[in-house]
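In what follows, chains carry the letters A, B, and so on, assigned in the order in which the sequence lines appear, proteins first and then strands, with residues in each chain numbered from 1.
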Amino acid sequence: MDNAKIAQQLENLASLLEFQGANPFRLKAYRTGAQVIRDSAQSIADAVASHEDLTAWVGVGKSVAQKCIELVQTGTMQQLVEIQKEVPPTVLDLLRVPNLGPKKAAVLFKELQIENLEQLKRACQQNEVQKLKGFAAKTQQAILDGIAIAEQANQRMRWDQADQVVDALRMHLQDVPMLKRLEFAGSYRRGKETVGDIDILVVSDDHTIVMDRLGSFPDLASTIVRGGTKMSIRLENGFQVDLRVVPEISFGAALQYFTGSQTHNVELRHRAKQQNLKINEWGVFQIGSPAELENNPSLDGWVAGKEEQDVYQSVSLPWIDPHLRENREEFAWADADQLPKLLELEDIRGDLHMHSTATDGKNTIREMIQAAQALGLQYIAITDHSQRVAVAGGLDETRLLKQWKEIDILNAELGTQFTVLKSIECDIRENGDMDLSDDVLAEADWVMASIHFGIKQSRQEITDRILGAIEHPSVSAISHPTGRLLNRRPAYEVDMAAVISHAKKYGKFLELNASSKRLDLNDIHLTHARQAGVRIVISTDAHSTDGLASMRYGIIQARRAGLTQQHVVNTRSWPEIKAMIGVPS
DNA sequence: GCCGTTTTCGGCCCGACTGTTTTCAGTCG
């Protein structure tokens with residue numbers, strides 16, 4: 001059982017206990033434990049096998065440790081099994097309904113035996129819900145509205161989709177009269193691969209005019225709440241947009257607060273408290289000061305809040321990049337004054353994964369070269385599909401060798417200014433064989449190996465296929481190593497810890513596929529690769545000249561994993577990369 | 001349930017908004 005599964009079980013346990021009204025701090029403890037376990041590069045299963053003391057991990061105490069041991073050794077958690085006899089797991093669906101939290105859901109379960117969305121909907125329609133104490137007509141209607149939202153796709157947006165919504169909102173809001181500052185916060189600003197809602201932060205002396213403008217956004221479906229400083233709307237596509245209007249003196253504190261993540265903020269405020277300070281969205285305050293009592297930044301006791309870096313500075317921390325704010329390593333780095341200089345788009349010198357019209361790409365090699373040159377790149381690899389990918393017109397050896405002759409001619413034309421690598425995205429067949437002969441692969445400049453078929457195989461089979469490819473002398477990198485498609489297809493079963501250690505041993509690279517639909521590896525796997533010393537290649541997998549712009553999505557993902565220029569191979573010249581392939585890192 | 005450079009007990013981040021209320025609980029972020 002891997003860390004993610006263990007974390008999921010702990011979270012389920014916390015949610016079901018919450019339903020039963022358990023001590024909130026106990027739930028917090030389980031959820032903290034789950035996050036620590038999910039983020040850790042070390043396998044819990046391995047730690048249990050070697051009788052390691054799990055309570056040495058901060059956030060894991062006696063109880064969570066015992067549950068981990070039980071899960072690893074037996075595959076189940078008795079306490080979870082027991083509680084599921086009392087509370088059916090389907091009740092967790094109820095918690096996805098906006099306006100319905102654990103307290104109200106528990107009442108509905110207890111009083112009306114409601115276990116799922118279908119039963120809840122019927123109870124509302126039959127006016128059973130509004131008869132309950134603490135519920136009334138408005139609450140019943142709010143639940144009914146919420147069910148419709150929960151039944152909708154209810155997915156998080158991919159970051160690139162959120163980016164488009166943000167652009168539209170910015171265009172709509174930026175010329176509001178008397179608008180002093182406008183910023184987008186939340187998981188969008190943290191660059192998370194998917195975004196749950198959009199958070200807008202505004203400084204203006206006139207709250208009404210800003211909120212009225214948001215209320216006229218063309219894609220608006222409904223206004224959820226509107227108060228003095230806060231407004232929430234729902235868009236036609238179901239997504240929520242939150243607006244906060246704050247005074248100029250509070251902008252930094254509010255930006256920090258609404259950027260999150262929640263666990264990052266909890267840690268920051270915890271540190272503030274130890275220094276007799278309190279941080280909220282209005283600023284940093286001396287505890288017990290008049291301003292703290294009044295929440296009025298103009299009074300004494302206000303310490304900081306105008307700029308985000310002032311907030312961090314007030315608790316003796318350097319400004320921390322939003323991409324790192326997940327309460328993983330950033331505070332330890334900040335304490336040691338070792339925050340990394342994160343990778344930037346300008347650091348990238350080449351793109352080592354793209355397709356041409358020879359297979360399923362939309363542009364010719366010459367067009368891809370021109371587009372790459374326009375972006376300032378020094379080299380590209382044309383990595384068309386191999387023959388196994390028949391639907392894409394994958395290349396057999398004859399066609400591949402012909403393409404390489406074409407590339408020779410182009411390189412002769414280009415001179416020393418730009419280099420096109422003779423490459424291939426070679427499939428790892430279901431039986432573990434490479435899709436092209438060793439002789440042909442040996443002639444390539446650059447070989448990426450990837451899995452497109454047999455993705456339902458067992459964890460062991462898929463892992464073995466990838467480990468075999470890593471060992472192949474001609475393979476340089478494994479592309480989109482987990483095969484996931486965001487919001488569409490989960491990762492296939494693969495032992496990433498084994499892949500990472502094998503890549504290290506054989507000096508091969510792992511790809512961060514920058515396509516906004518993939519972003520594969522994810523931030524956690526990238527972090528583990530960095531910690532293990534495995535080098536990463538970030539590439540676009542472009543199927544057209546436009547696709548080359550996807551590099552920026554990969555940069556954000558890499559930054560979230562704390563990657564710097566030195567962790568990423570294609571920040572180097574091609575000859576430097578070539579010298580690194582197959583050299584254990 | 002977890003934690004500790006004030007603590008092995010006593011605290012655990014913090015505030016806005018809504019609805020059902022006579023002063024606050026629930027939900028959300």
- Task: Say whether A:Asp242 and A:Gln240, considering side chains only, have a donor N or O and an acceptor N or O under 3.5 Å apart.
- Result: yes
- Message: Using the side-chain heavy atoms of A:Asp199, tell me which of these nucleotides is nearest: B:dG29, B:dT27, B:dA16.
- Response: B:dG29
- Query: Given B:dC2, B:dT18, B:dC13, which nucleotide is nearest the side-chain atoms of A:Lys62?
  - Reply: B:dC2
- Message: Assuming nearest nucleotide by heavy-atom distance, tell me which of A:Gly61 and A:Lys138 is located more 5' along DNA chain B.
- Response: A:Gly61
- Query: At under 4.0 Å, does any side-chain N or O of A:Thr32 touch on OP1 or OP2 of B:dC2?
  - Reply: no
- Return no unless some side-chain N or O of A:Trp282 is found under 4.0 Å from OP1 or OP2 of B:dA16. yes
- Distance below 4.0 Å between A:Gln262 side-chain N/O and B:dC14 OP1 or OP2: no
- Message: For a quick test of reading the model: is some side-chain N or O of A:Lys230 closer than 4.0 Å to OP1 or OP2 of B:dC28?
- Response: no
- Looking for any heavy atom pair under 4.0 Å, which part of the strands does A:Gly228 touch: base, sugar-phosphate only, or nothing? sugar-phosphate
- Query: Any luck finding a side-chain donor-acceptor pair between A:Glu193 and A:Gln557 under 3.5 Å?
  - Reply: yes
- Message: For a quick check of understanding: with a heavy-atom distance under 4.0 Å over all strands, which category does A:Tyr30 fall into, base, sugar-phosphate or nothing?
- Response: sugar-phosphate
- Query: Counting only side-chain N and O atoms of A:Asn280, is one of them less than 4.0 Å from OP1 or OP2 of B:dG15?
  - Reply: yes
- Task: Name the residue closer to the 5' end of DNA chain B, choosing between A:Gln140 and A:Val64 according to the nucleotide with the nearest heavy atom.
- Result: A:Val64
- Query: Residues two or more places apart in sequence or in another chain: which of them pass side-chain hydrogen bond (donor to acceptor under 3.5 Å, both in side chains) with A:Ser261?
  - Reply: A:Thr263
- A:Glu281 side-chain proximity, nearest of B:dC12, B:dG15, B:dG29: B:dG15
- Note on the structure: Which of B:dC14, B:dC13, B:dG19 is nearest the side chain of A:Val266? It is B:dC13
- Note on the structure: All heavy atoms of A:Phe135 vs all of A:Val129, minimum pair found to be CB-O, 3.4 Å
